[in-house]
Amino acid sequence: QVQLVESGGGSVQAGGSLRLSCAASGYSVSGRFMAWFRQAPGKQREGVASIDTAYLSTYYGDSVKGRFTISRDNAKNTVYLQMNSLKPEDTGWYYCAAPARAGWLGYPLSSHEYTYWGQGTQVTVSS
C-alpha cells in the first residue's frame with residue numbers, strides 16, 4: 001500500500017522559511033517524478049514544484065521560482081520542499097504527489113499526472 005506522509009507545515013511570518021518533508025512507504029521515489037502541490041481556500045490545486053528523481057531535473061510554478069527548492073533523498077525515500085521568503089499568498093495546504101509509473105511525465109506540474117497523494121500539511125504565512 002502506497003503512503004505519502006507530509007510534515008513540516010506550520011505558521012510563520014512573511015519572509016520566513018519552512019521545510020516540508022514527504023516520506024513515502026510502499027513506493028520507491030527513486031527513478032520517478034515526485035511533486036508538491038498546494039491549495040488555498042477557494043482556489044484550485046496548484047503545482048508548486050516537481051523533481052525528476054532519475055536526472056535531477058526540477059520544475060517550479062512561476063509564483064515560487066527563486067524562493068522554493070525541491071530535493072529528494074532516495075536513501076530515505078523522502079522528498080523535501082524548502083520554502084524561503086514566504087509570502088501570505090503561499091498560505092494553503094501542501095500535498096505531496098507521486099505518479100503510478102516510473103519514467104517521463106509530459107506535464108510534471110499537472111495534477112493529472114499523479115496517482116498517489118498525501119494527506120497534506122498546512123502552511124500559514126502571516127503578514
Side-chain ([X]) to main-chain ([Y]) donor-acceptor, under 3.5 angstrom:
X	Y	answer
N77	V29	yes
T78	K76	yes
Q44	Q39	no
S21	Y80	no
Y27	A100	no

Stepwise, does the side chain to side chain donor-acceptor pair (under 3.5 Å) test hold for E46 with S63? CA-CA 10 Å; E46 172 190 15; S63 62; 3.2 Å; yes
Would you kindly check if the NZ (Lys) or CZ (Arg) of R38 is within the cone defined by 45 degrees around the ring axis of Y95 and under 6.0 Å from the six-membered ring centre? no
On the six-membered ring of W93, is R45 placed so that its NZ or CZ lies under 6.0 angstrom from the centre and within 45° of the ring axis?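 Because its charged atom misses either the 6.0 Å distance or the 45° angle limit, R45 does not stack over W93.
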Is the centre of the Y114 ring less than 6.0 Å from the centre of the F37 ring? yes
Go through R101 and L105 one step at a time and tell me if the side-chain contact (heavy atoms from CB on, under 4.5 Å) criterion holds. CA-CA 9 Å; R101 58 177 176 82; L105 296 182; 3.8 Å; yes
Verify salt bridge (charged side-chain N to carboxylate O under 4.0 Å, His left out) between K65 and D62, making sure each step is shown before the conclusion. CA-CA 5 Å; K65 283 180 181 176; D62 289 340; 3.1 Å; yes
Taking atom CG of L109 and atom OG of S50, what is their separation to the nearest 0.5 Å? 5.5 Å
Which distance, rounded to the nearest 0.5 Å, do you find between the CD of E6 and the SG of C96?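 Atom-to-atom, E6:CD and C96:SG are 5.5 Å apart.
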Let me check something: do Y60 and Y107 share a hydrophobic cluster, defined by ILVMFWY side-chain heavy atoms less than 4.5 Å apart, either directly or through other members? no
Please, which pairs that meet salt bridge (charged side-chain N to carboxylate O under 4.0 Å, His left out) have at least one residue in residues 11-30, sequence neighbours excluded?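 Listed once each, the pairs would be none.
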Between F68 and Y94, how do the two ring planes meet: parallel, tilted or perpendicular, split at 30° and 60°? tilted
Would you say the side chain of T121 lies within less than 4.5 Å of the side chain of L20, judging by non-hydrogen atoms?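 Touching, per the 4.5 Å side-chain cut-off.
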Does atom CD (Q13) have a neighbourhood of more than 12 heavy atoms from anything else shown, all under 6.0 Å? no
